[in-house]
Amino acid sequence: MHWIDRVAKALLKRDKKPVIASGISVSGHIHIGHCNDIFIADGVRRALEELGGEGQAFWYADDFDPMRRIPWPLNEGELAEKYKQYLGIPYINIPSPDPNYKNFVDFFARPFIESLDDFGIDVKIYSGAEIYRSGRMAEPTRTALKHADKIRAILNRYRSKPLPEDWLPYDALCERCGRLATTRSLSWHDNYVSYKCEGSDYIAGCGYEGEADFTKGQGKLTWRVEWPARWKLLGVTCEPFGKDHAVVGGSYDTGKLIAKQVFKCNAPYPVPYEWVSLKGRWMSSSKGVVFTLPQWLEIAEPELLRYFIFRSKPMKAKEFDPGLALLDLYDEYDLVEQVHFGMVEASARRKEQFKRIYQLSQLRKTPRRRVQRVPFRFATVLAQVMRDEKYAINVLTSREMLTDPSKSDIELAFRRLSCARNWVSKYAPERLQFKVAETLPAEAVQLLSKQQKQGLTQLAADLSSRDFTPVELHNHIYELAQRVGLKTPELFKAIYLALLGRESGPRVGNFISVLDKEFVISRLREAAL
RNA sequence: GGGCCCGUAGCGCAGUCUGGCUAGCGCACCGGCCUUUUAAGCCGGGUGUCGAGGGUUCGAAUCCCUCCGGGCCCGCCA
């Protein structure tokens, strides 16, 4: 059974309408590593529905947290100087570097949120700042303040340096300098917490002393208390979170105790997950090690990202590499799809597993009919020579990659071709990039030997006299080389020189079969002159 | 100091929760085919003390204990 289903079953045992939370701190670009959070939440919700339950999932933007570090790309050049002044200020109150966005949060979170639909994610979005401003956090905050001693005792269990006796679980927003990270709460009464802006380890305070109205969002609960408060407020019964939270004595452990003892609720069913690395480095929004959802859509179908998340267990580290490794991801996905549609044999167990992963990878409903796919490797070649869509369709049907295609098959083919084109230009190694020369390349004129020209002349003649399948054509090159007394690499080089102006290229049979035959014949003849 | 993950074929991994067919997949590799393979040629081949040891069991990659190796996270920010 897939782990998502296991979670869903466990939840249904506990209650009838599970609420699955996800969320992250908007501390920079939101990347595909963060997708674990929201994809898992949404995946569990879907599994619940399939089991006849009723799940609800949401994503919570922690946009009221103070900026501790200037994230990439704002930490470069002039921007870095400009953004220094905002250290310690809640993200939501920091301006956007780009006038097209409302503020810092909008700048970083909007591209992510707007992409969610493309990935088949359908969850409610909450903003931490809005929740605080609306006053919904007032009662949980009051409860926490009342039980500050109890909370302090819980946190102290895992601390080597105990919290001071007058500690309060609240971070006020400094009325004068707007910072949240710099204030220390001194005491509270009614709806107010009095504070002093003293500074923190990374930013100085302004010294102001004042009172914050906690019913009006003039501050927030400290993270370790805010989390269980949120569980209480939103009735959270399941939540995926990064492995950093999952450590013993970490925020989940203390949150669990605080939930029970202070908020009188149960901690959500935890689904800890490993992080995603990008070419060997952990993704990090602040450091700029990111790969975003819009970037993903440029080079791959959304199903592939879902597949990437759901194919392995959540606590297994995932590594993403948009370079050559992407080809394998495509192949793997296509294989899983073929197993799902029974086009490739697999053992019963494997089939069951693949089918479930395939279903979870789909944006919405799993297609009933077999999907026709253009292999991505082939798409990288075709995308570089196709002149228009009609041309591509012709090639694909003559190659039997599309057979009597439906409208959606054609759409999928073009989407993949467009991904391939983008991938080739942005992430592929240079050797996979080529351009068919519009006119006979000078290299061909200079470098071709008499024998090579003879080979090309003969090839042109053969091409015009009969049709070759790609494999036949490839094989034919060997025979031909023999016939004209050339070593095979010399003939291959000659072909590439004539067409591309360089000595290597895509597999010849494949390559020529996607080009216009008359064009190839005339070019080969021209090169042989 | 605490915790988590990983250890299965040359490499990357699935299978471990719920013990049970002959331990599987991809790539690589080897062999064959065509006087032959540049980025999908076809056909065939598993190359393995499932990290080690012990235990439970009719039966262990799978459960329990101990150990070894690699990686990561947390150590009081969230």
Side-chain angles (χ1 to χ4, degrees), chain A residues 1-3 6 10 23-25 27 62 64-69 88 128 155-163 171 180-181 200-202 220-227 241-254 272-275 277 282 286 311-317 319 324-325 327-329 331-332 334-336 339 344 346-350 352-354 357 375-381 384 399 401 424 428-429 431-434 469-483 487-489 491-493 495-496 503-511:
Chain A
M1 193 191 292
H2 195 275
W3 53 271
R6 228 173 281 151
I24 61 148
S25 185
S27 57
D62 278 309
F64 202 37
D65 294 352
M67 179 171 77
R68 313 191 80 243
R69 187 151 57 158
L155 297 182
N156 280 343
R157 284 202 211 172
Y158 299 100
R159 295 175 68 97
S160 52
K161 195 166 50 174
L163 292 162
D171 297 324
L180 189 96
S200 72
D201 54 342
Y202 62 94
K220 68 189 283 292
L221 287 168
T222 185
W223 165 249
R224 282 190 183 238
V225 183
E226 178 180 86
W227 204 16
F241 47 85
K243 61 175 176 180
D244 49 332
H245 294 296
V247 164
V248 168
S251 45
Y252 181 73
D253 266 10
T254 54
Y273 59 82
E274 251 287 359
W275 295 342
S277 63
W282 291 127
S286 60
R311 69 173 169 176
S312 59
K313 281 176 281 199
M315 274 305 277
K316 267 194 102 122
E319 177 159 359
L324 275 179
L327 300 177
D328 292 334
L329 188 68
D331 286 350
E332 236 184 83
D334 287 357
L335 176 69
V336 167
V339 169
V344 169
S347 67
R349 202 167 188 177
R350 187 173 154 82
E352 184 199 332
Q353 188 192 353
F354 275 21
I357 291 172
F376 191 73
R377 284 168 211 270
F378 179 76
T380 63
V381 176
Q384 295 182 77
R399 294 291 301 270
M401 284 171 181
V424 167
R431 69 188 171 86
L432 297 191
Q433 302 175 12
F434 65 87
T469 67
V471 173
E472 284 168 353
L473 182 57
H474 195 93
N475 291 339
H476 185 71
I477 304 298
Y478 287 85
E479 285 168 31
L480 184 58
Q482 195 84 33
R483 231 193 299 159
K487 287 191 172 156
T488 37
L491 185 52
F492 277 112
K493 279 184 196 166
I495 295 165
Y496 293 128
E503 296 195 330
S504 63
R507 290 218 172 211
V508 163
N510 228 356
F511 182 36

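All values reported here derive from a predicted model rather than from experimental measurement. In what follows, every chain begins at residue 1, and chains take the letters A, B, ... in the order their sequences are listed.
Taking atom C1' on both B:C73 and B:G26, the two are 30 Å apart, rounded to the nearest angstrom. On the C1' atoms, B:A39 is 50 Å away from B:G75, given to the nearest whole Å. For the P atoms, the distance linking B:C25 with B:C21 amounts to 15 Å, nearest Å. Comparing the same atom, C1', in B:G12 and in B:G48 gives a spacing of 16 Å after rounding to whole Å. For the C1' atoms, the distance linking B:A23 with B:U8 amounts to 9 Å, nearest Å. B:G45 sits 45 Å from B:G3 when the C1' atoms are compared, rounded to a whole Å. B:C64 and B:U57 have their C1' atoms separated by 12 Å, with the value rounded to a whole Å. Rounded to whole Å, the separation between the C1' atoms of B:C30 and B:U66 comes to 41 Å.
Using a 4.0 Å heavy-atom cutoff across all strands shown, A:Trp3 reaches no nucleic acid atom at all. Looking at heavy-atom distances under 4.0 Å, A:Thr222 makes contact with sugar-phosphate atoms alone, never a base. Note on A:Pro489: a base of the nucleic acid sits closer than 4.0 angstrom, heavy atoms only. At a threshold of 4.0 angstrom between heavy atoms, the contacts of A:Gly509 with the nucleic acid are absent. Nucleic acid contact class of A:Tyr496 (heavy atoms, under 4.0 Å, all strands): base. Among the protein residues, A:Met67 comes within range of no part of the nucleic acid, since none of its heavy atoms lies under 4.0 Å from any strand. Counting non-hydrogen atoms under 4.0 angstrom, A:Arg377 reaches the backbone sugars and phosphates but no base. Contacts of A:Trp227 with the nucleic acid, taken as non-hydrogen atoms under 4.0 Å apart, are absent. Nucleic acid contact for A:Ser25: none, since no nucleic acid atom lies under 4.0 Å from a heavy atom of the residue. Residue-level contact check: A:Asp65 touches the backbone only, with heavy atoms under 4.0 Å from sugar-phosphate atoms and none from bases. Counting non-hydrogen atoms under 4.0 angstrom, A:Pro506 reaches a base of the nucleic acid. Nucleic acid contact class of A:Lys220 (heavy atoms, under 4.0 Å, all strands): none. If you check every strand for non-hydrogen atoms under 4.0 Å, A:Asp328 touches nothing. Within the 4.0 angstrom heavy-atom criterion, only backbone atoms of the sugar-phosphate kind lie near A:Gln353; the bases stay farther away.
Regarding A:Gln433, its CD atom lies at a distance of 17 Å from the C1' atom of B:U38, rounded to whole Å. Across the protein-nucleic acid pair, A:Ile357 atom CD1 and B:A14 atom C1' stand 9 Å apart, rounded to whole Å. Protein atom CZ of A:Arg69 is 11 Å distant from nucleotide atom C1' of B:C77, rounded to whole Å. As a whole-Å value, the separation of A:Asn510 CG from B:G41 P is 9 Å. For the pair A:Phe492 CZ and B:G41 P, the interatomic distance rounds to 12 Å; values are reported in whole Å. At whole-Å resolution of the value, CG in A:Asp244 and P in B:C4 are 15 Å apart. Spacing between atom CD of A:Glu479 and atom P of B:U37 amounts to 13 Å, rounded to whole angstrom units. Residue A:Lys243 contributes atom NZ, which lies 12 Å from atom P of B:C6 at whole-angstrom precision.
Side chain of A:Val248, nearest nucleotide from B:G3, B:U38, B:U37: B:G3. Side-chain atoms of A:Arg507 lie closest to B:U37 of the nucleotides B:C13, B:C74, B:U37. Among the nucleotides B:C77, B:U36, B:C13, the one closest to the side chain of A:Arg68 is B:C77. The side chain of A:Ser504 approaches B:A39 more closely than any other nucleotide in the set B:C73, B:A39, B:U37.
Toward the 5' end of RNA chain B, the nearer of the two residues A:His476 and A:Met315, judged by each one's closest nucleotide, is A:Met315. Toward the 5' end of RNA chain B, the nearer of the two residues A:Gly249 and A:Arg311, judged by each one's closest nucleotide, is A:Arg311.
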**OP:** Could you walk me through whether A:Phe511 and A:His474 pass the ring pair (Phe, Tyr, Trp, His ring centres under 6.0 Å) test, one step at a time?
**Re:** CA-CA 10 Å; A:Phe511 182 36; A:His474 195 93; over 10 Å; no
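Judged by atom type and distance alone, A:Arg431 does not reach the base of B:U38 through any side-chain donor-acceptor pair under 3.5 Å.
At least one side-chain nitrogen or oxygen of A:Trp282 sits closer than 4.0 Å to the OP1 or OP2 atom of B:C73. Put simply, A:Lys313 has a side-chain N or O that comes within less than 4.0 Å of OP1 or OP2 on B:G15.
In this structure, A:Leu491 CG and A:Arg483 CZ are separated by 10.5 Å, a value rounded to the nearest 0.5 Å.
The number of heavy atoms from other shown groups lying within 6.0 Å of CD (A:Glu352) does not exceed 12.
The residue from A:Trp275, A:Trp227, A:Tyr252 that alone fulfils the ring-ring contact (aromatic ring centres under 6.0 Å, His included) condition with A:His245 is A:Trp227.
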